[in-house]
Amino acid sequence: MILTTLLTSFSETSQLVWNLVIGLIVFFIITYVIPAIKKISSLPPGPWGLPFVGYLPFIGKTDQYKDINRLAKKYGPVYSVRLGKFDLIVVSDWKHVKESFANDDLLYRPENFSSNPKSPSLLEMSGDSWKAHRRLSLHILRDVGMGKSQLEMKVKQEIENFLPTLNSGPIDLFPKLMSTVANNISNLLMGHGLEYDDPISEKLNNVLLTLGESSSLFHVFSGSVPKLVKDNPLESESKLPKILKSLAEFANYMEKEIEIHKSRGRRSQIFEDYIGGYLVEQEKSEKSKSTDGIQFNLETLRQNLVTFYSAGTETISSTLTWAILYLLKYPEYFDKIREEIEKVIGYERQPDYSDRIHMPWTMSFIYETHRIAALVPVNLFRRAAQDTNIGNYHVPKDSLVMFNFYALNRDPLLWVNPEQFDPKRFLAEHETKAVKPPFLVPFSGGRRNCPGEGLANVELFLYLVSIVQKYRIRLAPGSTISLETGYTTLRRPKNMPKLLFEPLDQQKD
Ligand code: HEM
């Protein structure tokens with residue numbers, strides 16, 4: 001009797017448990033599985049990955065852009081790939097990249113893009129904060145000279161100081177370029193540059209180099225996979241302490257500059273550099289107690305300074321280094337550029353930026369360097385602010401979007417013999433003009449394009465032409481040319497040879 005009662009009660013309890021389990025399974029299927037299947041089937045095509053980590057374990061620890069590009073070849077111009085907890089949508093042809101540039105729903109950055117999440121810089125911000133900081137930054141930089149003739153004058157002064165330093169035996173060009181190029185952005189940001197032998201200049205160079213070598217664009221996926229998963233491209237995690245230390249050193253330097261500016265006091269709204277302009281705005285926004293949530297604070301100023309300084313130094317120095325390597329590899333273009341210098345500028349005066357209009361070979365050489373170097377092979381991640389489309393493909397809110405510039409620069413539908421270095425491809429009208437096609441986009445495009453494009457163009461032209469005007473460039477004994485590339489966030493020359501810069505006299509060589 002007791003046994004029967006126990007059995008009945010047990011079977012009722014187990015029935016209840018079963019019902020509960022089945023209910024939970026149905027709930028799980030309705031809440032998670034069906035929406036997940038719906039989402040996956042609405043995404044652009046792409047490879048399958050593993051549970052929790054997606055395709056991350058199959059992305060290499062280095063040269064990740066090559067894996068991104070390998071998948072584009074297999075899955076087409078717009079594909080999706082699950083990386084950790086993110087869906088990444090990769091856009092690899094001009095039709096869809098162009099359309100994406102114009103899509104204002106694709107202007108956000110990933111939420112965890114900044115190593116300092118409480119105070120991201122404008123490069124890492126999204127939404128209204130980004131808009132306000134970008135507008136303010138461009139406004140200040142324009143006011144203090146960016147895009148104006150006074151900037152060109154200052155760059156020319158800097159080049160005049162720099163050129164003699166090349167004539168000092170076998171040299172490592174890249175660090176020298178970094179010091180001089182950094183002075184141009186420093187002038188705009190804090191009103192002064194540094195002497196090349198100033199220990200601070202060397203220290204900042206080292207910090208930049210460490211950051212360049214240790215950071216990875218793909219760090220956004222850190223923390224998006226279980227700790228147990230080791231096999232993913234998050235090698236930057238182990239480098240994180242190094243990165244944070246370098247960033248702190250960098251930020252300290254900027255902090256000191258801000259303090260110097262503040263201690264000077266201000267008698268008016270007039271300012272001479274980015275720090276001055278930002279402090280004026282910060283004071284205004286403090287007084288007006290704005291309620292729109294946009295904060296112009298000292299922490300963000302510091303972060304913006306670090307961003308502008310690093311973005312404005314490494315990119316230009318690396319592009320110039322590529323240009324010099326290609327001049328060494330293909331000396332016939334050195335001769336072409338020198339012929340144009342002789343015809344248009346001569347050897348007495350410094351080059352002007354306006355000379356470029358009459359120097360099609362030189363401009364073609366610069367365009368081709370941008371194309372083949374593909375310094376930024378895959379763009380900084382964007383994030384969809386809301387559900388949107390790229391062509392016929394659905395892009396769900398919060399998916400990450402990446403433009404594959406490497407694929408564009410080597411697309412055989414856009415370029416004849418894309419693997420070949422051939423500046424002639426840009427020449428038009430019987431070699432009297434250099435024409436840059438719209439699909440060569442080293443600075444990205446649309447409303448979140450690179451704000452330093454104007455400055456970069458001036459510097460690239462003036463530095464290159466000034467060097468070729470003054471020097472014959474040779475490999476130092478024992479050095480060889482290598483076009484091998486190293487990649488973290490930029491594609492840089494992996495092995496830069498030691499070089500000799502031999503002054504050319506006033507005659508054509
Ligand atoms: C050869 C030189 C350069 C190249 C190839 C380059 C390329 C780029 C690219 C591809 C982006 C990403 C834009 C996007 O998300 O679509 C970018 C962003 C940015 N660049 Fe440059 N850049 C160069 C020089 C500079 C210079 C000189 C500065 C400083 C004045 C600068 C400051 C920035 C900043 C602040 C951003 C972030 C913009 C934002 O998120 O709103 N860059 N750059």
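Every number for a ligand or one of its atoms is a count from 1 in the order of the listing. The figures here come from the full heavy-atom set of this structure, side chains too, leaving out hydrogens, waters and symmetry mates.
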N or O contacts of ligand 1 with protein under 3.5 Å, please list pair by pair.
| residue | atom | partner | partner atom | Å |
| --- | --- | --- | --- | --- |
| ligand 1 | 15 (O) | Arg109 | NH1 | 2.9 |
| ligand 1 | 15 (O) | Arg109 | NH2 | 2.9 |
| ligand 1 | 15 (O) | Asn379 | ND2 | 3.3 |
| ligand 1 | 15 (O) | Arg382 | NE | 3.1 |
| ligand 1 | 16 (O) | Asn379 | ND2 | 2.8 |
| ligand 1 | 16 (O) | Arg382 | NE | 3.4 |
| ligand 1 | 16 (O) | Arg382 | NH2 | 2.6 |
| ligand 1 | 16 (O) | Ser444 | OG | 2.5 |
| ligand 1 | 16 (O) | Arg448 | O | 3.3 |
| ligand 1 | 40 (O) | Arg109 | NH2 | 2.9 |
| ligand 1 | 40 (O) | Arg448 | NE | 2.8 |
| ligand 1 | 40 (O) | Arg448 | NH2 | 3.1 |
| ligand 1 | 41 (O) | Trp130 | NE1 | 2.8 |
| ligand 1 | 41 (O) | Arg134 | NH1 | 2.9 |
| ligand 1 | 41 (O) | Arg448 | NE | 3.3 |

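- Residue Lys148 places its NZ atom among more than 12 non-hydrogen atoms of other residues, nucleotides or ligands, all under 6.0 Å distant.
- A cation-pi arrangement is found for Arg356 relative to Tyr353, the charged atom lying closer than 6.0 Å to the ring centre and inside a 45° cone about the ring normal.
- Ion pairing between a basic and an acidic side chain is recognised when a charged N comes within 4.0 Å of a carboxylate O; Arg109 and Glu124 show no such pairing.
- A side-chain hydrogen bond (donor to acceptor under 3.5 Å, both in side chains) check over residues 200-210, counting only residues at least two apart or in different chains, returns the pairs Ser179-Asn205.
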Enumerate donor-acceptor pairs with a distance under 3.5 Å from any side-chain N or O in residues 450-462 to protein atoms, sequence neighbours excluded.
| residue | atom | partner | partner atom | Å |
| --- | --- | --- | --- | --- |
| Asn457 | ND2 | Glu453 | O | 3.4 |
| Glu459 | OE1 | Asn184 | ND2 | 3.0 |

Please list every donor-acceptor pair under 3.5 Å in which a side-chain atom of residues 371-378 meets a protein atom from a residue at least two apart or in another chain.
| residue | atom | partner | partner atom | Å |
| --- | --- | --- | --- | --- |
| Arg371 | NE | Glu368 | OE1 | 2.8 |
| Arg371 | NH1 | Asn409 | O | 2.7 |
| Arg371 | NH1 | Pro418 | O | 2.8 |
| Arg371 | NH2 | Glu368 | OE2 | 3.0 |
| Arg371 | NH2 | Pro418 | O | 2.8 |
| Arg371 | NH2 | Gln420 | O | 2.9 |

